[in-house]
Protein chains: 2
Amino acid sequence: MTGHSPPDPKHLRLKFDEYVRRHQLKSTHQRDVIVDLFLKSTGHMSIEDLLAKVRKKSPKVGYATVYRTLKLLTDCGIAAARQFGDGQTRFEVMGDGQAHHDHLICVSCGLILEFENDTIEQLQDEMADRLGGFKLVRHKLELYGQCPKAAGVKNGYCPKDESS
Amino acid sequence: MTGHSPPDPKHLRLKFDEYVRRHQLKSTHQRDVIVDLFLKSTGHMSIEDLLAKVRKKSPKVGYATVYRTLKLLTDCGIAAARQFGDGQTRFEVMGDGQAHHDHLICVSCGLILEFENDTIEQLQDEMADRLGGFKLVRHKLELYGQCPKAAGVKNGYCPKDESS
DNA sequence: GTAAGTGCAAAGTGTTTGCATTTCC
DNA sequence: GGAAATGCAAACACTTTGCACTTAC
């Protein structure tokens, strides 16, 4: 009920290459860097995050190129744009058979977790039907909470502590 | 489990007046018009919607005043800002004892319905706990669907048809 | 009279676009 | 060589802010 298999960067990279070929687009150094860094990431990167990483390898890349490349990735189903209310769009890596999932965001450390819950989805469909026979086409569920440490649990775990 | 009592414009108006008095703000014609039109609305208005209505009564009012007045209303708990992904912030009227609620948005007619579902809320808490002992502080659930008419149901109902 | 509010225009965001120049095939 | 991509700056849409002028108390 929770979690899903992580996307495979190599396979997605091939998918992108094929998309580029099929649409007669060109393979450029900038795109290579952007796509690889994006696929290597844990997802949920903002344009700014990504551009910062990109510029470490290729300093002259501009915002527009990153926006355009993410658009491309979104068009071919490798990336998905998300809004978590902090003003900027974040992009997540979409694995191939990746089912719909929702998000849990820690309000203190900023960590974003993904989850699936079939029971909730089912209740949503029922709810929509009960509200007047509506048929759902999509939904957005975001949980904002505190990780145990932030919530004040003694010796509480904070995922952020590990990454440093 | 669904629906809630509608907010009472008169009472909220008094609440606003009191807020203004307590904070030693001033009562102005512009604010009167904006607040009354907002409270009279069904909520979920964008600044632009509201300004358009306001200008019918008081043509010289500017965007800034509407933004500032909505900020005021938000500060005193009468309005709440919402983002439904169409780029602009919408404000909803918050009745006094108004419980948290979620939204169902019709992707074809734009109607926004509100609902509550305790079972879903409960499952969310469980989910957060299971994901690593997170404590939820808030959440956002938006259902996007089609009203029966849009979904192609014969003689299907579309709430928008009534308002014209 | 003075602090608060208004309207306007300017400045800020995050994002997109137009265009001359560069790059890939 | 020519289409496609890049980088820059300008344009965008929405929102906020600075400031001279007006208004409420």
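Every value quoted in this text rests on a predicted model; they were computed, and no experiment measured them. Order of the sequence lines fixes the chain letters, A, B, ..., with proteins taken first and strands second; residue numbering starts at 1 for each chain.
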Q.
Show every salt bridge (charged side-chain N to carboxylate O under 4.0 Å, His left out) that has at least one partner inside residues 23-34 of chain A, sequence neighbours left out.
A. R13(A)-D32(A)
Q: Could you note down all residue pairs passing salt bridge (charged side-chain N to carboxylate O under 4.0 Å, His left out) where residues 76-86 of chain A supplies at least one of them, sequence neighbours left out?
A: R82(A)-E92(A), D86(A)-R90(A)
Q) Among residues 46-58 of chain B, which residues get a heavy atom nearer than 4.0 Å to DNA chain C? A) none
(Q) Just to be sure I understand the geometry, which residues of residues 14-30 of chain A put a non-hydrogen atom under 4.0 Å away from DNA chain C? (A) K26(A), S27(A)
Q | Interatomic spacing from OG1 in T69(B) to CD1 in I34(B) - rounded to 0.5 Å | A | 3.5 Å
(Q) Of the listed nucleotides (dT6(D), dG7(D), dT15(C)), which one gets closest to any side-chain atom of R31(A)? (A) dT6(D)
Q: Identify which nucleotide among dC8(D), dC8(C), dT15(D) has an atom closest to any side-chain atom of Q88(B), counting heavy atoms from C-beta outward.
A: dT15(D)
Q: Considering just the side-chain nitrogens and oxygens of Y67(B), establish if one lies under 4.0 Å of OP1 or OP2 belonging to dT16(D).
A: no
Q) Can you tell me if the side-chain N/O atoms of T65(A) get under 4.0 Å from OP1 or OP2 in dA5(D)? A) no
What is the separation between atom [atom1] on [X] and atom [atom2] on [N], rounded to the nearest whole Å?
| X | N | atom1 | atom2 | value |
| --- | --- | --- | --- | --- |
| K71(A) | dA4(D) | NZ | C1' | 16 Å |
| Y63(A) | dG14(C) | OH | P | 8 Å |
| Q83(A) | dC14(D) | CD | C1' | 13 Å |
| R90(A) | dG14(C) | CZ | C1' | 13 Å |

Q.
Could you check whether any side-chain N or O of S58(B) sits under 3.5 Å from a backbone N or O of V54(B), counting only pairs where one atom can act as donor and the other as acceptor?
A. no
Q: Would you indicate what R68(B) reaches in the nucleic acid, counting non-hydrogen atoms under 4.0 angstrom: base, sugar-phosphate, or nothing?
A: base
Got a list of side-chain donor-acceptor pairs under 3.5 Å for residues 121-129 of chain A, not counting sequence neighbours?
from	atom 1	to	atom 2	distance (Å)
E121(A)	OE2	H139(A)	NE2	3.2
Q124(A)	OE1	H139(A)	ND1	3.1

Q. Parallel, tilted or perpendicular: which describes the rings of H101(B) and H103(B), with under 30° parallel and over 60° perpendicular?
A. perpendicular
**Q.** Short N-O contact, K71(B) and D75(B), less than 4.0 angstrom
**A.** yes
Q | Minimal non-hydrogen separation, L12(A) against G95(A), with atom names | A | CD1-CA, 4.5 Å
Q) Sequence neighbours excluded, which residues qualify as salt bridge (Lys or Arg N to Asp or Glu O under 4.0 Å) partners of K15(A)? A) D96(A)
